[in-house]
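We name chains A, B, ... by the order of the sequence lines, and we start the count at 1 in each one.
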There are 2 protein chains.
Amino acid sequence: MAVSPAGKPQGCTHYKLRQLVREVSHYYDTEIGKAGLKGTQYALMGHVRKLGPVRLSDLAREMRLDASTLTRNLKPLTEAGWLRVEVGADGRSRLVTITEAGLAKYSEAQRYWKRAQERINQLFGAEQVIVLHELIDELLARLPQRS
Amino acid sequence: MAVSPAGKPQGCTHYKLRQLVREVSHYYDTEIGKAGLKGTQYALMGHVRKLGPVRLSDLAREMRLDASTLTRNLKPLTEAGWLRVEVGADGRSRLVTITEAGLAKYSEAQRYWKRAQERINQLFGAEQVIVLHELIDELLARLPQRS
DNA sequence: CTACAAAATTTGCATATGCAAACGTTAGGC
DNA sequence: GCCTAACGTTTGCATATGCAAATTTTGTAG
């Protein structure tokens, strides 16, 4: 087991994180891909499912994503009929909702997501995954909202 | 301080990691951008600098990147004259080297990188950053090489 | 009621990423 | 020496991501 000596962090946090996320993405994308979704699309649908009819900008803030990224990521999902985007009460805003077909697709993908998560738990050890999650939550909480 | 109860990990490792990496990237890209580089370009140049004339496929394995990604990421850097790609002894392979101009640009960017890293250390706490780095190294070590 | 500022989204541009297929080169078998 | 299999890189295709500028719609000051 590694110890944590007092001192300065070595190496680059940015690079290390990117390396890990690329590897981890692979497992999720491989599994969730069996349902015809990308990992990020699954996450997006999950958020829309939970947040119900939600304004684009609110969804962006919630997911810590740029609004323009969201606009584009929604496109293939609306075209597939899994999400719906409608004009809100305020004519400027758009409300995103998950459709019946979207719910079905999400449920299907959820089974594969579970397998990916279990594979990660197995590779990393459930204990370590818990530590990682808690650490990330803590770190994210320390970041100011940029929007 | 959060405790780590025995039990199953909650939430999605993939999504949490992506969220964090997006936020962290922001700080590095903002700083390193002042030198005219993206964070990923800085990391790439740093690897080429360290690994000297290196074959594309070896560099890809080292960085855990797909070779095709590397090919493309090299393009703007070679066009800027910071990296050079030449045919290797084996006519199939390509050797990547950093140029004089590249070394200068890297040194310049390094000052900004340092500021970004210090900002992250300050936001997260140096202790936590050390914990994060060690955790990532440990998790990466548990992943099989996919190439 | 009109002109202008503010808010919400979308578009244009650039990079990042991976997979599968194409391409060029090399090494072996015969 | 030639054909083929293997190797290393590049291309085509698709998504992911953010910033800055353009667009659309509101709201408000006069």
Going by heavy atoms in the side chains, are A/Cys12 and B/Tyr42 under 4.5 Å from each other?
no
Reckon B/His26 has a side-chain N or O less than 4.0 Å from the OP1 or OP2 of D/dT17?
no
Tell me, for nucleotides 5-14 of chain C in 5' to 3' order, what letter each nucleotide earns: B for a base near a protein heavy atom under 4.0 Å, S for only sugar-phosphate near one, - for neither?
-BBSSBBBB-
Looking for any heavy atom pair under 4.0 Å, which part of the strands does B/Leu70 touch: base, sugar-phosphate only, or nothing?
nothing
For the pair B/Tyr15 and A/His47, name the ring-plane relationship: parallel under 30°, tilted 30 to 60°, perpendicular over 60°.
tilted
One pair to check against side-chain contact (heavy atoms from CB on, under 4.5 Å): A/Arg64 and A/Leu143. What are the steps and the verdict?
CA-CA 11 Å; A/Arg64 289 178 185 261; A/Leu143 294 174; 4.2 Å; yes
Rounded to whole Å, please give me the gap between NE2 in A/His14 and C1' in D/dG18.
12 Å
The residue, A/Ala89 or A/Gln41, whose nearest nucleotide of DNA chain D is more 5′ is A/Gln41
Between OH of B/Tyr15 and P of D/dT17 the distance, given in whole Å, is 10 Å
Between A/Ile32 and A/Ala109, what is the shortest heavy-atom contact and its length?
CG2-CB, 4.4 Å
For a 4.5 angstrom cut-off between non-hydrogen side-chain atoms, does A/Leu70 reach A/Leu44?
yes
Between CZ of B/Arg64 and C1' of C/dT17 the distance, given in whole Å, is 16 Å
Output the rounded distance in Å from NZ (B/Lys75) to C1' (D/dT11).
11 Å
Does a nitrogen or oxygen in the side chain of B/Asn73 sit under 4.0 Å from OP1 or OP2 of C/dT17?
yes
Is it the case that more than 12 heavy atoms not belonging to A/Lys75 sit under 6.0 Å from its NZ atom?
no
Measuring from atom NZ of A/Lys105 to atom CD of A/Gln41, what distance do you get when rounded to the nearest 0.5 angstrom?
10.5 Å
Whole-Å distance between D/dT17 P and A/Leu59 CG?
12 Å
Rounded to the nearest angstrom, tell me the gap between atom OH in A/Tyr27 and atom P in C/dG18.
13 Å
Using whole Å, what does the distance between atom P of nucleotide C/dT15 and atom CZ of A/Arg22 come to?
18 Å
Grab the OH-C1' distance between A/Tyr28 and C/dT17 for me, whole Å please.
19 Å
